[in-house]
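Protein chains get the first letters and strands the later ones, always in sequence-line order, with residue 1 at the start of each. If you're wondering where the values come from, they're calculated on a predicted model, not measured in any experiment.
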2 protein chains.
Amino acid sequence: MKPKMTLKKIANELGVSISTVSKALHNNKEISQENRDKIQAFAKLYNYRPNSIALNLKNNKSRTIGIIIPEIVHFFFAKVISGIEKVANSRGYNVVIGVSNESLEKEIINMDLLVDGGIDGFIISLSKETLFHQDYHHLRESISQGIPIVMFDRVVEGLECDKVIIDDKRASKKAVELLLATGCKNILLLTTQDYITIGKLRTEGYLEVLRENNIPIREELIVKVDDKGGMDEYQIILDQEIRKKFDAHPEIDGVFAVNEIYAITVLNVAGMRGLKIPENLSVISFSDGILSLHSRPSLTTVKQNGVQMGELSAKILLDGLETEEDQTVFSTHLIETVLIERDTTKRLV
Amino acid sequence: MKPKMTLKKIANELGVSISTVSKALHNNKEISQENRDKIQAFAKLYNYRPNSIALNLKNNKSRTIGIIIPEIVHFFFAKVISGIEKVANSRGYNVVIGVSNESLEKEIINMDLLVDGGIDGFIISLSKETLFHQDYHHLRESISQGIPIVMFDRVVEGLECDKVIIDDKRASKKAVELLLATGCKNILLLTTQDYITIGKLRTEGYLEVLRENNIPIREELIVKVDDKGGMDEYQIILDQEIRKKFDAHPEIDGVFAVNEIYAITVLNVAGMRGLKIPENLSVISFSDGILSLHSRPSLTTVKQNGVQMGELSAKILLDGLETEEDQTVFSTHLIETVLIERDTTKRLV
DNA sequence: TTGTATGCGTTATCAC
DNA sequence: GTGATAACGCATACAA
């Protein structure tokens, strides 16, 4: 095992002082060209790398940012991470990840762990539990300790931080408008409980389009899926709920689902009862990524640009980190979505 | 913004020395009970947290481990990460992630970045390019600098490190045996190029089972998919290759695919030509996670236990980190897989 | 042109 | 029981 090179060792070897070495390696002109050359050559030979922990201590920053997400085994979040990674690395920052697993408690524990780890700032998407309990003290604390936060996707109002979100309402409106344009009259909405901000916004988009088109809103066509419980259980409940709706309302000719899983489940249920898609039934969903491509028929989706979201979040955080004066004004940044038409909606000619 | 508390500030506020404060906070009995109580109370009140960067500098470790993966937008790797996260966090370690994007160069850059960031050890799955060029100098360097490595999934021989892999060959054999048992006579193998270790092992499993059952090996039923190029292009090539094979060999009655994407593509192609699954055609694939559940018909898969893989890798790395003496003997740990029978294979009665 | 001293926050050793 | 000091690795203001 190679011993680690330090300024001190180089200084000893070469019979000069530590500061001379330090200056030489920074190519400081105070040091004679001769010494600079010699020292630099020596350093390169022994593969000297400055100890970043020591630098961190000096500068009181770590050039590391923390990401807190509810779930890592999830395409959307993985994409966001890859976006963050990309810009962070290109700017010489490291990225640390904490997974809250949708729990407020784990969110807090993870943030503490990262704060103790000397993180410079956070990029975070809140857990369902956090949203549900509306408990944001840990976020306030981080901010008041001078560790800035950028929230994305699952965000809340009233905190001193920037926010990056998809223009959920607008995207949702575009989707429902497409369904109407292709002739759907009775559109089933599959959404989340209202405490999930994005679900709520998407619901609002749906309602607004109906209102704008003077279509009566039928509460019985709105399903707010209860997403408590484990994965398996959840899938079964979802399945049953959808069946029930189709039983009770055979007039349903369109479905707008706020996520892929809901939509795929609809596809399966519809397949079972011999409903032709898109002839008898059109389906659109928001999408994280891959299921919609490989489903049969392939799903028309509102594509969430996770990578872009990550990139922007990181850019905002790092820009803030690298400016001198304290940030006092915060804003909400909207990411545009794209509607990708595939096989579950009729083609408009 | 709350100023950050340090030992020094506490010492000043309370009119004692820094070392007294340090000792008091460690509940050192040298310090009078009275002073201990006072100092601890004060520290708690002002929410003192030791500066871990300073600790890192002193101890020359960071309690942070680095993960290098080829791709984060990938279920299997996401699962591995979640496994690593879980044990690392429970043992008070942070996790930083670098994504090589299947490039040797980015793998090196990322490792350098993390090494400079003061990582204690690596958990890594090699990029395709690294495997292809068989260039492992960066790994050797890390090891020789005293930064241990645990490789998982995509591993190579000849390095001084532990390895965690799925028992690919065995799993592959189980899968092909099931196909034979359900009556398949002409099994198409969809695998990767041989330089991908896991693809190669899975291929070997396939060959071995055929040999054991005295079934002649037909090279024309083995497709080693070329996975160069972007996602879209790749999908198209894959699609065409599979079509061609079905055209040329209508006798194919079983498919063993080394990953989900290959298998789903087979499902789609088969669907197009009206092949009934599993009546006319059985399909099994290795699986990362979610596509197989939601495909129709649902896929019989060899489940790769990514979470378990992550947990074991982390455990091995941390155990090594926390033992005093240098590790000199390294081993390969096999993770058992489970064959999950779903709709693409006939049920055995 | 080079070297010395100081400080970043902590712990450990040793002196009082 | 308490406190001064050195050390971890580095950068830098200042002295020589």
Looking for any heavy atom pair under 4.0 Å, which part of the strands does [X] touch: base, sugar-phosphate only, or nothing?
X     : value
A:N60 : nothing
B:L57 : base
B:L7  : base

Atom [atom1] of [X] and atom [atom2] of [N]: how far apart are they, to the nearest Å?
X     : N      : atom1 : atom2 : result
A:K61 : C:dG9  : NZ    : C1'   : 18 Å
A:K58 : D:dA11 : NZ    : P     : 8 Å
B:L55 : C:dA12 : CG    : C1'   : 13 Å
A:L14 : C:dT2  : CG    : C1'   : 14 Å
A:N56 : C:dT10 : CG    : C1'   : 15 Å
A:R63 : D:dC10 : CZ    : P     : 17 Å
B:N51 : C:dG7  : CG    : C1'   : 13 Å
B:I18 : D:dA6  : CD1   : P     : 14 Å

Inset, instruction - State, without any angle test, whether A:N27 and A:Q40 hold a side-chain donor-acceptor pair at a distance under 3.5 Å. - result: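 The criterion, which ignores hydrogens and geometry beyond distance, is satisfied for A:Q40 and A:N27.
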Legend entry - Modelled atom types, side-chain donor and acceptor of A:S62 and A:D120, under 3.5 Å: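 Per modelled atom types, A:S62 and A:D120 side chains form a pair under 3.5 Å.
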Does [X] come within less than 4.0 Å of [Y], counting only side-chain N to carboxylate O?
X      : Y      : answer
A:D116 : B:R49  : yes
A:R154 : A:E102 : yes
A:D319 : A:R91  : yes
B:R140 : B:D135 : no

Legend entry - Nucleic acid contacts of residues 22-40 of chain B, taken as heavy-atom distances under 4.0 Å to DNA chain C: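 Per residue number, the list reads B:S22, B:K23, B:H26.
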Tell me whether the OP1 or OP2 atom of [N] has a side-chain N or O from [X] closer than 4.0 Å.
X     : N     : value
B:K8  : C:dC8 : yes
A:T6  : D:dG9 : no
A:S17 : C:dG3 : yes

Inset, instruction - Measure the shortest side-chain to side-chain distance between B:I68 and B:L114 over non-hydrogen atoms and say whether it is less than 4.5 angstrom. - result: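 Yes. Closest side-chain heavy atoms under 4.5 Å.
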Inset, instruction - With DNA chain D as reference, determine whether B:T20 or A:Y48 sits nearer its 5' end, using the nearest nucleotide of each. - result: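 Final value for this comparison: B:T20.
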